[in-house]
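One structure, as structure tokens, below. Some questions next.
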Amino acid sequence: MSTCSEERMLSLVRSMAKSEKIKLLALDVDGVLTDGGLFIGAEGESAKKFHAQDGMGITCALRNGLLIALITGRQSKIVASRAAELNVTEVYQGVKNKAQLLTTLAEKHGLTLEEVAYMGDDLNDLPALVLAGLSCAPQNAVKEVKERVHYIAAASGGNGAVREIIEVILRARGLWKQIVADYIKEGQGDSQ
């Protein structure tokens, strides 16, 4: 087994233990739910690319009792539209202090920070990442983030990293096999 594989396996084992407790997953948007590319035209932001597998993961999470929150420093009608499409109701845009909001979200839902996971990719996510009971980053996160998180996804932001961490959490909670069985039996009508 290579060192990279050993490190990945250790990360996964540590994350699984922490994941059992998670009841809320908060996500940065640009660089996590998207690849970080910003398409800005004369009238402002014109496009963002989201990954369908991340969308499916989010709908599976919500259907199985995992709360999802989107926290972004930017303002975007596109993010609001994507959140509505996936039935994500906890959407916070223009956030300057993500750590404070994470604490507020935990209190709002009667959770401890140990029951909250956060996925971010850049320096502005560090305050929230160090508070979360399970901190995660996509593969393409900056070095300073990757050095401080519990779990680094094999996938990059906007390319399935969110789906990956949702699967880790739902597997740790013993729900994933039943989710797959339900899909084999019949589709669930989820948005992607």
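Sequential numbering from 1 along the given sequence is applied to the chain's residues.
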| query | Asp28: what forms a side chain to side chain donor-acceptor pair (under 3.5 Å) with it, not counting sequence neighbours? | reply | Lys98
| Are Ile58 and Leu25 side-chain neighbours, meaning at least one heavy-atom pair lies under 4.5 Å? | no
| field | Any residue meeting side chain to side chain donor-acceptor pair (under 3.5 Å) with Glu144, in chain and number order, not counting sequence neighbours | value |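 Expected list: none.
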| query | Ignoring hydrogens and geometry, is there a side-chain-to-backbone donor-acceptor pair from Ser135 to Leu131 under 3.5 Å? | reply | no
| task | Identify the heavy atoms of Phe50 and Thr34 that sit nearest to each other, and give their distance. | result |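 Result for this residue pair: CE2-CG2, 3.7 Å.
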| field | Value rounded to 0.5 Å, distance of CG in Leu101 from OH in Tyr118 | value |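 Leu101 atom CG to Tyr118 atom OH measures 9.0 Å (nearest 0.5 Å).
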| Can you name the side chain to side chain donor-acceptor pair (under 3.5 Å) partners of Lys143, sequence neighbours left out? |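 By the side chain to side chain donor-acceptor pair (under 3.5 Å) rule, Lys143 matches Glu147.
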| query | Taking it one step at a time, do Tyr92 and Thr72 satisfy side chain to side chain contact (heavy atoms under 4.5 Å, CB included)? | reply | CA-CA 6 Å; Tyr92 302 90; Thr72 179; over 6 Å; no
| request: If a pair satisfies salt bridge (charged side-chain N to carboxylate O under 4.0 Å, His left out) and one of its residues is in residues 149-162, list it, with sequence neighbours excluded. | output: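 Every pair satisfying salt bridge (charged side-chain N to carboxylate O under 4.0 Å, His left out) with a residue in residues 149-162: there are none.
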| field | Donor-acceptor pair, side chain of Thr104 and main chain of Gln100, under 3.5 angstrom | value |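 The answer is yes, because a donor-acceptor pair under 3.5 Å joins these two groups.
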| request: Calculate, to the nearest 0.5 Å, the distance between atoms CG and OG1 belonging to Leu70 and Thr89 respectively. | output: 9.5 Å
| said: Using side chain to side chain contact (heavy atoms under 4.5 Å, CB included), reason through Val180 and Lys177 one step at a time and then give a plain yes or no. | reply: CA-CA 5 Å; Val180 173; Lys177 285 183 181 179; 5.9 Å; no
| query | Are side-chain heavy atoms of Val162 and Leu27 found at a separation under 4.5 Å? | reply | yes
| query | What do the steps show when you test Gln93 against Val79 for side chain to side chain contact (heavy atoms under 4.5 Å, CB included), and what is the final call? | reply | CA-CA 9 Å; Gln93 300 194 63; Val79 170; 4.0 Å; yes
| Checking side chain to side chain contact (heavy atoms under 4.5 Å, CB included) for the pair Asp30/Lys48: CA distance, chi angles, key distance, verdict? | CA-CA 9 Å; Asp30 295 310; Lys48 288 183 185 289; 2.4 Å; yes
| Which value, rounded to the nearest 0.5 Å, describes the distance between Asp125 atom CG and Arg148 atom CZ? |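 Asp125 atom CG to Arg148 atom CZ measures 13.0 Å (nearest 0.5 Å).
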| said: Quick test of your reading of the model: are Lys21 and Glu115 salt-bridged, counting only N-O distances below 4.0 Å? | reply: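 Looking at Lys21 and Glu115, the cut-off is not met.
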| Considering only heavy atoms from C-beta outward, does the side chain of Tyr151 approach that of Glu164 to under 4.5 Å? |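 Contact flag for Tyr151/Glu164 side chains = yes.
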| query | Can you check whether Lys23 reaches Val116 side chain to side chain, under 4.5 Å on heavy atoms? | reply | no
| remark: Taken to the nearest 0.5 Å, the spacing of Cys136 SG from Ile152 CD1 works out to 10.0 Å
| query | For the atom pair CD1 (Ile166) and CG (Asp54), what is the distance rounded to the nearest 0.5 Å? | reply |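 Here the rounded value is 7.0 Å.
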| Asn159: what forms a side chain to side chain donor-acceptor pair (under 3.5 Å) with it, not counting sequence neighbours? |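 Asn159: side chain to side chain donor-acceptor pair (under 3.5 Å) contacts with Ser156.
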| field | Nearest non-hydrogen partners of Arg163 and Gln53, listed with the distance | value | NH1-O, 3.3 Å
| task | Could you check if a side-chain atom of Asn64 sits within less than 4.5 angstrom of a side-chain atom of Ile179, using non-hydrogen atoms only? | result |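 In contact.
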| side-chain contact (heavy atoms from CB on, under 4.5 Å) against Arg173, all qualifying residues, sequence neighbours excluded |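 Arg173 satisfies side-chain contact (heavy atoms from CB on, under 4.5 Å) with Leu66, Ile169, Leu175 once adjacent residues are dropped.
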| message | Please find the pair of heavy atoms, one from Gly31 and one from Asn140, that lie closest to each other, and give the distance. | response | O-OD1, 4.3 Å
| field | Over all atoms of both residues, closest heavy-atom pair of Gly120 and Leu129 | value |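 Residues Gly120 and Leu129, closest heavy atoms: N-CD2, 3.9 Å.
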| said: I need the full list of salt bridge (charged side-chain N to carboxylate O under 4.0 Å, His left out) pairs touching residues 105-114, with sequence neighbours left out, sorted by first then second residue. | reply: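 Qualifying pairs, neighbours excluded: Glu90-Lys108.
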| message | Suppose we screen for side-chain contact (heavy atoms from CB on, under 4.5 Å). Which residues come up paired with Ala137, at least two apart in sequence or across chains? | response | Ala141, Val145, Val149
| request: With rounding to the nearest 0.5 Å, note down the distance linking CG in Leu105 to CG in Leu111. | output: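 Result: 9.0 Å between the selected atoms.
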| query | What closest approach, in Å, do Pro138 and Asp121 show between heavy atoms, and which atom pair accounts for it? | reply | CG-CB, 3.8 Å
| request: Taking all heavy atoms of Ala61 and all of Ile68, pick out the closest pair and write down the distance. | output: CB-CD1, 4.0 Å
